Amino acid sequence: MKKGDHLFLVDGSGYIFRAYHALPPLTRKSDGLPVGAVSGFCNMLWKLVSEARDTSVGVTPTHFAVIFDHSSKTFRNELYPEYKANRSAPPEDLVPQFAVIREATRAFDLPCIEMEGFEADDLIATYARLAREAGADVTVISSDKDLMQLVGPQVSMYDSMKDRQIGVPEVIEKWGVPPEKMIDLQALTGDSVDNVPGIPGIGPKTAAQLIEQFGDLDTLLERAGEIKQNKRRENIVEFADKARISRELVRLRDDVEVSEKLGELVLNPLNGPKLVAFLKGMEFTSLTRRVADATDTDASAVDAADVAVDAAAEMRGPDLDPGDAANAAVTATGQNDDTPQGLAKRRAAEAGSAKIDTTAYETLSDIEQLKAWCAMARETGVVAFDTETTSLDAMQAELVGFSLAVPEAAPDTGELKVRACYAPLAHSNGVGDLLGGGGLQPGQMPVRAALDELKALLEEPAVLKIGQNLKYDMLVMAQHNIEIKSFDDTMLLSYVLDAGQGGHGMDALSERWLGHKTIGYKDVTGSGKSAIPFAQVAIDKATAYAAEDAEVTLRLWHALKVRLVSEGMTSVYERLERPLAPVLMRMEQRGIRVDRQILSRLSGELAQGAAALEAEIQELAGENFNVGSPKQLGEILFDKMSLPGGSKTKTGQWSTSAQALEDLAAAGHELPRKIVDWRQLTKLKSTYTDALPGFINPETKRVHTSFAMAATTTGRLSSSDPNIQNIPVRTAEGRKIRTAFVAEPGNVLISADYSQIELRVLAHVANIPQLTQAFADGVDIHAMTASEMFGVPIEGMPSEVRRRAKAINFGIIYGISAFGLANQLSIERSEAGDYIRKYFERFPGIKDYMDATKAEAKENGYVTTIFGRRAHYPEIRSSNPQVRAFNERAAINAPIQGSAADIIRRAMVRMEPALEAAGMQARMLLQVHDELIFETAEADADKIIPVIVEVMENAAMPAIDMAVPLQVDARAAKNWDQAH
DNA sequence: CCTATCTCTTA
DNA sequence: GTAAGAGATAGGT
């Protein structure tokens, strides 16, 4: 920085409060996030930076920074513990805006500066001094009197709200003393807001007069005896010390060791699209337009930005206790409490307020009734929707009926009133004869006409559809060419808010939040052998069951949706959960081709191999027994044959785990080896080659897995019916199963997987320089670890050394214990402990990360991914050491596993639009935690792979700029084994 | 017929 | 040591 340069320093914290109080209260984004202060702040910044570029205005900044207070604790508290002690907490609807405002600053591409232990004013003073010494001019954007001591020939202030320049004459005019005497003046007057004592009875006028008379504070205190007024003289003598302390409190530190140097504050050209994206995300329409115009940005071509994830972290309010919340009466403060927390509390009470009456539902028997309900839903703009079908398998399910629920417009009684109905469409008579299930039950409307009405409602973007696990209903409706536009999903809401706090199924949520036990599916259909299809349930019973589900769903939404804002989870829900549902729906709908012949052939081979082994096993055992029974096997091995080294499971049975059998085999016994081999073959046969063909859909001839979005605590998906996330890959035998997952003729499968994503996430979150460097250099990460730990050069490293380092790396991710590592490596626990100590010595950041994560989990009851997702561990404070240790390990693992899960979710949400934008015909079929499988025409594969890789490698951006690059390997082939 | 236990598969 | 789902057996209802 040099002479002629001009530094603008914005007092960000001061500005936040002014913007907050200047603007109408409770300006909210459509999702309820309060944004009044953010809006005021953005308008002010925009005014500053746009005028700054207007050279017709006299002052043009070359450098710019926005300075914030870091926290309420500063060095001043050590000088004087009462400093700012009477400050009340900021208003609750302002709290979530602090982080958003920092995000806003970054969206303007401006340095956003704060430092622990110092106030914004100290940083401003420091930068002002540095700039002054470099010969530059400074303008402090603030009207705070605390900063006026900085004013001088090169430094002025600017009150942007009053559009007023504050220089030396203005300070003298206002306070009666020049800027350099402001410290003494404030020392005398004190400050009731900041709890700076000063001297009683002395206000600004008297103080100015005294300073005028004596020159400065020290002289005044020395010669206080000369003051004529008795009371004033006594006070000055008595409170001289208080004045001296006050002087130190108001004197700004201009020697802070600032992290950003002056040169880094250079004002860069504005990034139009980046700022427009942010403003659009905040729904500031007129400012968005102004900025777009001024920067020549096409606002319609810019996607609204990710809501700041850092914001989410700071937005957490007091966690609601779900059990209490359900029964909580509206508290005295809750009644008029317009904070997000107050609203959430009220809504929870309202949702569970009314007794649910399952006899009060309407059954819709003709199309006019349905039309009336659709009109009602359009009126309210919100409708809960649920389908009833013939099957849990959405791909084979036939629609039997559907239910709707709407909130009733009612004055603010503190109760939620709901109307619900059921529209039966295909209920048949149970009197099934050999020709089929009998005729239709009476009182049902024509299906065709009903679906037309329903389609118009579900596809109407202005009506919010609410469902519980809507992915299922989407899949069912997709069979009828109906898309559900504009929706919320109570299961996903619960998952985002309460992952780890229990199940997210409707029955569990209803009990937890509404204190209501729903009618069970089995209560209407019966169970086991006497179960009847839902289509044969009597319509009145079906109405009670189905409409209740819609009512409960609507009530749950009422209670849960508002918690997104009060708990700072909006961005997780809106970016990582809700948009993924339709993506997964389409993946499930597409399915993947599985070659029946290949499986059948494999099954035969496996059967032969297993039979041969079984015969040898019986021979060696000397008797016929059930080889698949661990109980019988344990008795043969350890009781009958008396092999040594047997251990017991927790139920007292002999353990026959693969590890135990391997140990026996290593000791030279023949039988255990054969058991291990037999188990591998029978496992592959029963779980894969025999079971998979049963999942081939007769219509599509493909296998359609079901992805569960709310099954894990960490944010991973799970897969079932069949589980395609545990198809064998480690052994050559097992990999043969993968050759049966094939592309259609003329197509290929593409497999794209993240390389070492969890270790990369670890390097990022724990900030480990060696790991970061190794990934940047692209070196073998396990070899690097081994080299650091054991001092072995990477070149020519023995594979055993690398293997151990690899196990330790994984162990770290899993929240390592000496016990676990010892088991994994088959070494002594003491030796494993030595390894761990060594690791922590070489990578001390890892230990810090683990300790900090444990502490965070204990403090909050949850841990957080880099995108703000929370995983709760309510048992982490357990007095049982085993339970506690387990929860600690899980809590250490969750941010790593969960962040990786978030990254691939982001990639999946962006993938389809990206492929489309690139003009690519490729269909995403499967997700296996760090891998995505696509199918595409063979000729297109080479063009598509770079698009896929690009989306996956940049999936964390722009929310998180990772310290480590993400690497994706992708390959195309005819089957999954070759593509992987 | 349902549930718990054990084992094994994946990332 | 983390996170899942599933099959076979065994034992209760």
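In this text, all values refer to a predicted model and were calculated from it rather than measured experimentally. Below, chains carry the letters A, B, ... as their sequence lines are ordered, and counting in each starts from 1.
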How would you label the contact of [X] with the nucleic acid (heavy atoms, under 4.0 Å): base, sugar-phosphate, or nothing?
X	answer
Ser817(A)	base
Ala822(A)	nothing
Gly811(A)	base
Asn626(A)	sugar-phosphate
Ala900(A)	nothing

Distance-only donor-acceptor check, side chains [X] and [Y], under 3.5 Å:
X	Y	answer
Ser706(A)	Asp721(A)	no
His704(A)	Gln589(A)	no
Tyr835(A)	Arg804(A)	yes

Are any of the side-chain nitrogens in [X] or [Y] under 4.0 Å away from the carboxylate oxygens of its partner?
X	Y	result
Arg702(A)	Glu588(A)	no
Glu888(A)	Lys858(A)	yes
Asp780(A)	Arg802(A)	yes
Arg673(A)	Glu670(A)	no

| From the 5' end of DNA chain C to its 3' end, which nucleotides mark the outer limits of contact with chain A, defined by a 4.0 Å heavy-atom distance cut-off (strictly under)? | dG1(C) to dG11(C)
Pairs: protein N or O with nucleotides 7-11 of chain B N or O, under 3.5 Å:
unit_1	atom_1	unit_2	atom_2	d
dT7(B)	OP1	Thr656(A)	N	2.8
dT7(B)	OP1	Thr656(A)	OG1	2.9
dT7(B)	OP1	Ser657(A)	N	3.3
dT7(B)	O3'	Arg679(A)	NH1	3.0
dC8(B)	OP1	Arg679(A)	NH1	3.0
dC8(B)	OP2	Ala658(A)	N	3.0
dC8(B)	O2	Lys683(A)	NZ	3.0
dT9(B)	O2	Asn726(A)	ND2	2.9
dT10(B)	OP1	Val729(A)	N	2.7
dT10(B)	OP1	Arg730(A)	N	2.7
dT10(B)	OP2	Arg730(A)	NE	3.1
dA11(B)	O3'	Val928(A)	O	3.4
dA11(B)	O3'	Asp930(A)	N	3.3
dA11(B)	O3'	Asp930(A)	OD1	2.8
dA11(B)	O3'	Asp930(A)	OD2	3.2
dA11(B)	N3	Arg716(A)	NH1	3.0
dA11(B)	N3	Arg716(A)	NH2	3.2

| field | 4.5 Å side-chain heavy-atom contact, Ile816(A) and Met850(A) | value |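 A side-chain contact under 4.5 Å exists here.
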